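Each residue takes its place number in the sequence, starting with 1. Given the structure is predicted, the values throughout are model-derived calculations rather than measurements.
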Amino acid sequence: MSVVSLQLGQCGNQIGQELFSVICDDSNGPNRKKYKQCSDERFFYETSTGELVARSVLVDMEPKVISQVVVNASKSGRWRYGDKACFSQKQGSGNNWANGFCVHGPRHEEAVENLVRREIERCDRLAGIFTMMSVAGGTGSGVGTYITQRLRDLYPNSFILNQVTWPYGAGEVIVQNYNSVLTLSHLYQLSDAILVHENDTVHKICSRLMNIKHISISDVNKVIAHQLASVLQPAYTADSPSHYCTNPIGELMSTLVCHPEYKLLSLCNIPQMSSTSLAYSVFHWPGLLKHLRQMLIASARMEEGIDWTVSAPSAVTSRGESATNSRHKNFNLSLANLLILRGKDVSTAVIDGFKDPALYVPWLNTENSFSTWSSPVAFNGYEKSATLVSNNQSLLKPLNNIVRKAWNMFASRAYVHQYTKFGISEEDFLDSFTALEQIISSYTHL
């Protein structure tokens, strides 16, 4: 089964190009014929001349970024984008969500839908639609949200997984929090799940783990692409233990999105380091999984700076208190976790620590809250690697910050006129704030 991708706006297009490059590089290693065959079928189609073409549609309201990523892909010599897979215009959305959602989206919906339909018709079977976009700008967030809405109408029975990138806390776009609130509130109603990357967190990974001195957007996108590929590349699952899973997005949803009120997914991946350090490093499953489990319960995004004082509560304390009352104030409670192990001796990894009922909400059975995927194939140069995709409380703090900053601006009606002139009313803002407050409340009271 194949995945059709949508790269939306500058951020989505740049991440998409890095993602397909990582997937192609990873699949072309030694001794991975079946792995490559499954990966290629999932993300590419082959032309009559043997070229690999990405199953992806590129959308932006300005041509510059799309031109760059298309050229970069072709230069690799390993894969490229389709000849008619791109849509761009000469005028952007000016970092205005309303302009993208109310003007550019409706104006160009037919052209974009035709491109997506063409890619879907090339698939023997569709596993789902995977979109990549920022929540902060105008095109990626505004047009991207509108296109997602149209895709939901056109393909009501298909899975839609949105990968979104949250802006830097001190971003350059003054209205980025407005855009984020409007995007997230709408996507939550349309998407089956929202997989979140935070720019601030990825920047720290580049600085502290990758030892990059002068961090560029390309460096940040490479880390995001590495993490995404570690989830999307072929693996054995509970439903397909003897052959690579053919329905990755469907199994991801069934594993992690157990209730329609809870759709926010976060991602941790270890190890991550510079190629120089990697050459002199040795990893063992007990150490990797110990760190990853602590990252989970302490809500850490990387293995440096983990709070080791946070621990999972016992089911009942010595004084008879419930686990809820005895939790450490920074304990990160989960609804569901998916652990993906790749590399040497993967069958020897002991994963019992992730099956602890204390990690999960009491109203779900632990056997329904935790799943494991695995592959003996080393991933992207790492002899052993582990990825944890989680539906938990870790995104509460950044989501609260976005809503708080946006509300403070809205209370003084700052820049609201820039949205109302394109058709987004103050009532639309209030509806979006209400929707996000409900999401915050639902995750807070797990």
Next on the checklist: Using the ring pair (Phe, Tyr, Trp, His ring centres under 6.0 Å) definition, which of the options Tyr415, Phe429, Phe433, Trp97 pairs with Tyr178?
Outcome noted: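 The option that passes is Phe429.
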Looking only at non-hydrogen atoms, find the nearest pair between [X] and [Y] and report the distance.
| X | Y | answer |
| --- | --- | --- |
| Met133 | Gly140 | CE-O, 2.9 Å |
| Leu388 | Leu292 | CB-CD2, 4.0 Å |
| Ser385 | Tyr382 | CB-CB, 4.2 Å |
| Tyr262 | Val257 | O-CG1, 3.6 Å |
| Leu296 | Ser390 | CD1-OG, 3.7 Å |
| Ser2 | Glu41 | OG-O, 2.8 Å |

Item to check | Identified side-chain contact (heavy atoms from CB on, under 4.5 Å) partner of Arg404 from the options Asn400, Asn401, Ile402 | outcome: Asn401
Does [X] pair with [Y] as a salt bridge, N-O distance under 4.0 Å?
| X | Y | answer |
| --- | --- | --- |
| Glu426 | Arg413 | yes |
| Glu18 | Lys222 | yes |
| Arg80 | Glu51 | yes |
| Asp192 | Arg152 | yes |
| Glu119 | Arg122 | yes |

[X] and [Y] aromatic centres sub-6.0 Å:
| X | Y | result |
| --- | --- | --- |
| His108 | Phe87 | yes |
| Phe130 | Phe159 | no |
| Phe283 | His291 | no |
| Tyr146 | His186 | no |

Next on the checklist: For a ring-ring contact (aromatic ring centres under 6.0 Å, His included) check, start with the C-alpha distance between Phe422 and Phe101, then their side-chain angles and the critical distance, and finish with the verdict.
Outcome noted: CA-CA 9 Å; Phe422 290 114; Phe101 184 83; over 10 Å; no
Checklist entry - Is there a salt bridge (charged side-chain N to carboxylate O under 4.0 Å, His left out) between Glu62 and Lys90 once you walk through the steps? => result CA-CA 5 Å; Glu62 295 176 295; Lys90 299 295 184 183; over 6 Å; no
Checklist entry - Where do Tyr168 and His203 land on the ring-ring contact (aromatic ring centres under 6.0 Å, His included) test, with the steps shown first? => result CA-CA 9 Å; Tyr168 287 101; His203 194 94; 5.6 Å; yes
Checklist entry - Near Asp153 CG, under 6.0 Å, is it more than 12 heavy atoms from other residues, nucleotides or ligands? => result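 Buried by this count: over 12 neighbours within 6.0 Å.
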